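Here's the structure we're looking at; comments come further down.
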Amino acid sequence: MSLKNTAKLLLVFLMIFSLIFTGCNGSTPDTPNNGTTTTTQGGDDMQGNGENNKPQKSTNGFSQFEITYYWGPHGETALDESYWKAIAECGFTSVPLEMNTTANNKAALSLMKKYGLTCSSLWDSRVQMMIYKGDSISQEELESTVKAVVDDYAAYDNIVGWWLQDEPNSDLFPILSRLVAAFKKYDPTRETFIDLFPVYADPAALKTKDYNEYVDRHLNEVNPSYLCYDHYHFMENEPHRKQFFENFEIIRQKSLDKNLDYMSIVLLTKHWAFGNLTRSQILWETNMCLTYGAKRISYFTFILDPDLLADNWDNACMSSVDGTKYPHYYDVQAINKNTAPLGKELFNKRSTAVFHLTNRPETLEEGCEEYVSYGALRRASGEDFVIGFFDDGSFMVTNKKFEEGEDGKNTLIFRSVLMGLEYFDVATATWKPYATRNGDGNFIYEANGGEGMLFRVV
């Protein structure tokens with residue numbers, strides 16, 4: 001079981017305890033750039049097919065690229081307009097409402113709309129009670145409850161989805177399947193949120209023989225709106241957790257097999273054995289998500305409430321106690337200015353391949369493939385880059401180094417592309433000619449720790 005789920009189980013236990021003694025009436029007490037700077041390569045803007053204001057069409061799961069988080073304002077904090085203003089100014093676009101009363105949810109939805117925010121997943125105690133009851137709940141009661149929840153929020157058009165479950169084991173798949181089907185029946189245009197365990201979870205937590213079986217059963221039995229998982233890589237003390245890329249490989253391939261979008265939840269907040277991330281490390285996480293074809297990115301967490309602060313959690317985005325903005329707020333704000341235009345540009349592109357450019361193939365995690373030559377890029381040289389290719393011929397190159405300063409610098413040399421190289425400029429959301437070459441006349445990409453850039457050959 002992941003560390004995050006341990007904390008959330010305590011919160012869910014408090015919620016269920018309250019529901020049992022107050023009745024399930026829908027109201028419960030509340031519980032707790034390429035980089036970040038832009039360098040413009042020479043040349044005029046190219047044709048407008050790189051414009052990020054073009055409509056994003058619906059795919060299988062999501063209707064557009066979104067930046068979100070896990071664990072934000074709740075309780076009375078959700079009624080404080082200043083938080084929603086800060087969330088929008090930080091670059092988030094669609095965010096959850098978790099563990100609120102129905103009245104607080106409705107008030108918060110109105111405040112969110114004022115700042116252009118949608119609700120990615122709305123938590124309602126009536127839905128959670130059905131999960132708690134499990135197989136004992138009749139189909140008639142389940143459907144009538146789902147319909148009542150949907151009808152209750154009919155006046156709010158900024159709800160994108162419904163919050164079902166964080167890190168379920170396979171025993172919960174039957175009731176989740178029934179709920180997903182019911183929400184599709186009574187609210188077919190909205191999503192349902194279910195976040196899966198990471199690959200490093202123990203089979204005893206998954207209640208399957210291994211991770212592949214766990215994800216397959218979730219897809220086949222639950223029929224989710226989209227695939228979602230969390231994975232926290234950076235530890236307070238090295239070595240950092242392994243299997244980050246193995247997890248990407250599994251989720252990416254299974255989402256492609258099902259023609260289903262996926263979301264990655266990455267680490268932000270320092271807690272327990274997890275580290276206090278640098279801006280380069282956060283940028284590294286988000287750029288890897290894009291390189292591997294994720295269509296939505298989520299940070300864990302946005303807010304720190306008194307319970308988490310008492311447990312020595314630190315450096316999220318904001319405090320629910322006094323509205324303090326932690327350093328990570330400004331890191332995320334800067335990074336989102338890079339992530340948003342890239343995510344929008346990549347949204348309608350299908351990931352076709354991901355490779356690791358390395359001189360040490362023996363260090364690659366399970367499922368990862370060494371880069372040799374592929375697509376329009378063909379031959380390239382360098383050390384420690386991840387390269388993701390898309391169905392329009394574009395490819396994203398991300399530095400596998402995440403250190404700040406000189407230790408994170410890295411250079412990729414284009415050995416076959418002699419002319420016609422363009423890059424996607426995140427500052428203007430347009431494609432521009434790429435001009436940086438070395439003394440031998442080869443195009444080169446010089447990246448700081450965690451940086452990535454989207455290229456194409458024309």
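Since this is a predicted model, take the numbers as computed values, not measurements. In this chain, numbering begins with 1 at the start of the sequence shown.
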Can you classify the ring geometry of [X] versus [Y] as parallel (below 30°), tilted (30 to 60°) or perpendicular (above 60°)?
{"X": "Tyr445", "Y": "Phe455", "result": "perpendicular"}
{"X": "Tyr232", "Y": "Phe274", "result": "perpendicular"}
{"X": "Phe244", "Y": "His231", "result": "perpendicular"}
{"X": "Phe402", "Y": "Trp284", "result": "perpendicular"}
{"X": "Tyr329", "Y": "Phe302", "result": "perpendicular"}
{"X": "His218", "Y": "Phe173", "result": "tilted"}

Any donor-acceptor pair under 3.5 Å linking the side-chain atoms of [Y] with those of [X]?
{"X": "Thr68", "Y": "Arg296", "result": "no"}
{"X": "Asp425", "Y": "Thr428", "result": "yes"}
{"X": "Tyr229", "Y": "Glu167", "result": "no"}
{"X": "Thr192", "Y": "Ser225", "result": "yes"}
{"X": "Thr278", "Y": "Ser280", "result": "no"}
{"X": "Trp162", "Y": "Asp187", "result": "yes"}
{"X": "Asp311", "Y": "Trp272", "result": "yes"}
{"X": "Gln64", "Y": "Glu66", "result": "yes"}
{"X": "Asn315", "Y": "Asn276", "result": "yes"}
{"X": "Lys258", "Y": "Asn220", "result": "yes"}

Ion pair [X]/[Y], N-O distance below 4.0 Å:
{"X": "Glu89", "Y": "Lys85", "value": "yes"}
{"X": "Glu365", "Y": "Lys242", "value": "no"}
{"X": "Glu81", "Y": "Lys114", "value": "yes"}
{"X": "Lys349", "Y": "Asp391", "value": "no"}

Check your understanding: Do Asp210 side-chain atoms and Pro203 backbone N/O form a donor-acceptor pair below 3.5 Å?
Key -> no

Would you please indicate if the ring centroids of [X] and [Y] are separated by under 6.0 Å?
{"X": "Trp431", "Y": "Phe424", "value": "yes"}
{"X": "Phe395", "Y": "Phe390", "value": "no"}
{"X": "Tyr299", "Y": "Phe92", "value": "yes"}

